[in-house]
There are 2 protein chains.
Amino acid sequence: MILSKTCNYAIRALLYVATRKSDNFVPVREISQKLDLSFHFLSKIHLILIQHHLTTSSRGVKGGVSLARPAEDITIYDIIEAVDGNAMFQNCVLGLENCSDDHPCPLHHSWSEYRLNLKKIFQEVTLADLAEKINNEQVRLSNITEILD
Amino acid sequence: MILSKTCNYAIRALLYVATRKSDNFVPVREISQKLDLSFHFLSKIHLILIQHHLTTSSRGVKGGVSLARPAEDITIYDIIEAVDGNAMFQNCVLGLENCSDDHPCPLHHSWSEYRLNLKKIFQEVTLADLAEKINNEQVRLSNITEILD
DNA sequence: GTAATTAAAGATAAAAGAGTCTTAAATCAA
DNA sequence: TTGATTTAAGACTCTTTTATCTTTAATTAC
């Protein structure tokens, strides 16, 4: 797996929040039910997202989480960086410590080019882009077919 | 990290064997010393490689491991597939189970194209290609600068 | 103020990945 | 045959990731 499970869940959760596009907070319970994920685990993931200023939250009856800034301004890369870090986009594919153009590993050349593309793919796409696709029912967010009822 | 540590070590170990290009077996002890990796851990990794018919081995005084077929016929992809499996080259980037052209996740389109490139990069390169680079001292295999003395 | 609701925080546990250690088995050399 | 060498195999430990459960704190509605 390229992304950790935690990161997968984070992306899907934020996409769900983005599709709700209400001014209100979205309860974690609702997200976990709609995406069929563990409520407690998702709560924990949200702490990370809050720490990285991707979401804000409110406790209490009308509480929940919401995006910290417009969905247009949050890329998938932002989420990956917050949860999994950016090692994937920087490190040597063979795990060597000072792999560089000057001291390359055998795969350095092809990999460093590829790595940029990987970053690009995730940076080019915002939550808004994907939320629109989801709302147009062109794509899905969960193993369960219907998530938005 | 895209590849597991186990997989990194496996690739580097086989590259080392390929650079030795002797008809003899190469002791795991020698590999571990030259690559600065744990001998016992590397021994374990070699069991995987042997099971997947990437290497053969011999016990005893002149024993060790050697490539099961010519270095020209072993790609980096072969090693990755043996050690880490092929989930990375097949699975949905968001971890959805039946993500496909018919039932895509929001990232399916860009990802499925990208995934093919990823596979290609590793399939295009053989141990022989990289061993040649290493022997020409264009690249390195270890954090330690000199590995071939 | 009280009760219901919801995130925050922390303790705990299960599973997987990474790494170590010991013993057994095979091979070679003398 | 004996001893040295080297892989094979399995038990064991440590760390990280994933997941669960419980308690606390904040917010809202009444």
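The figures that follow rest on heavy atoms only: side chains count, while hydrogens, waters and symmetry mates do not. Remember, predicted model here, so these are calculated numbers, not experimental data.
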Exercise. To the nearest Å, how far apart are B:Gln51 CD and D:dT7 P?
Worked result: 16 Å
Seminar exercise, completed: Rounded to whole Å, the CD1-C1' distance (B:Ile45 to C:dT20) equals 13 Å
Problem set entry | Rounded interatomic separation in angstrom, taking CD from B:Glu30 and P from D:dT6 | 10 Å
For this session: Go through C:dA7, C:dT27, D:dT28 for me and flag the one nearest to the A:Ser57 side chain.
Result: C:dA7
Exercise. Roughly how many Å is it from CZ in B:Phe25 to P in D:dT6, rounded to a whole number?
Worked result: 13 Å
Exercise. Under 4.0 Å between a side-chain N/O of B:Ser38 and OP1 or OP2 of C:dT20, yes or no?
Worked result: yes
Exercise. Could you state the interatomic distance from CG (A:Asp78) to CZ (A:Phe122), rounded to the nearest 0.5 Å?
Worked result: 12.5 Å
Exercise. Side-chain N or O of B:Ser43 less than 4.0 angstrom from OP1 or OP2 on D:dT7?
Worked result: no
For this session: Starting at atom CZ of A:Arg29, determine the distance to atom C1' of D:dC21, rounded to an integer number of angstrom.
Result: 12 Å
Problem set entry | Within the 6.0 Å centroid threshold, strictly below: A:Tyr114 and B:Tyr114 | yes
Exercise. Would you say B:Lys62 reaches C:dA29's phosphate, i.e. side-chain N/O to OP1/OP2 under 4.0 Å?
Worked result: yes
Exercise. Mapping B:Phe41 and A:Val65 to their closest nucleotides on DNA chain C, which lands nearer the 5' end?
Worked result: A:Val65
Problem set entry | Side-chain (B:Asn91) to main-chain (A:Met1) donor-acceptor, under 3.5 angstrom | no
Problem set entry | Candidates D:dT18, D:dT27, C:dA8 - which lies nearest the side chain of A:Thr6 | D:dT18
Exercise. Do the side-chain N or O atoms of B:Lys5 get closer than 4.0 angstrom to the phosphate oxygens (OP1, OP2) of C:dG17?
Worked result: no
Exercise. Of the nucleotides D:dT18, D:dT7, C:dA4, which one has an atom closest to the side chain of B:Pro27?
Worked result: D:dT7
Problem set entry | Heavy-atom pair with the smallest gap, counting every atom of A:Val28 and A:His46 | CG2-CD2, 3.8 Å
Seminar exercise, completed: Picking from C:dG19, C:dA26, C:dT12, the nucleotide nearest the side-chain atoms of B:Lys44 would be C:dG19
For this session: Tell me which nucleotide among C:dG19, C:dT27, D:dT22 gets nearest to the side chain of A:His40.
Result: D:dT22
Problem set entry | Whole-Å distance separating the CG atom of A:Asn24 from the C1' atom of D:dT28 | 13 Å
For this session: To the nearest Å, give me how far apart CG (B:Asn8) and C1' (C:dG19) are.
Result: 15 Å
Exercise. Does a side-chain N or O from A:Tyr9 land closer than 4.0 Å to OP1 or OP2 of D:dA19, or not?
Worked result: yes
For this session: State which of D:dT5, D:dT20, C:dT22 makes the closest approach to the side chain of B:Val61.
Result: D:dT5
Exercise. When you measure from the side chain of A:Asn24 to the backbone N and O of A:Lys62, does any donor-acceptor pair fall under 3.5 Å?
Worked result: no
Seminar exercise, completed: Result for 5'-nearest mapping on DNA chain D, choosing between A:Gly60 and B:Phe39, is B:Phe39
Problem set entry | Whether A:Asp129 side chain and A:Thr126 backbone form a donor-acceptor pair below 3.5 Å | yes
For this session: Please report, rounded to the nearest Å, how far the C1' atom of D:dA9 is from the CD1 atom of B:Ile50.
Result: 12 Å
Problem set entry | Among D:dT28, D:dA26, C:dC28, the nucleotide that comes nearest once only the side chain of A:Arg59 is considered | D:dA26
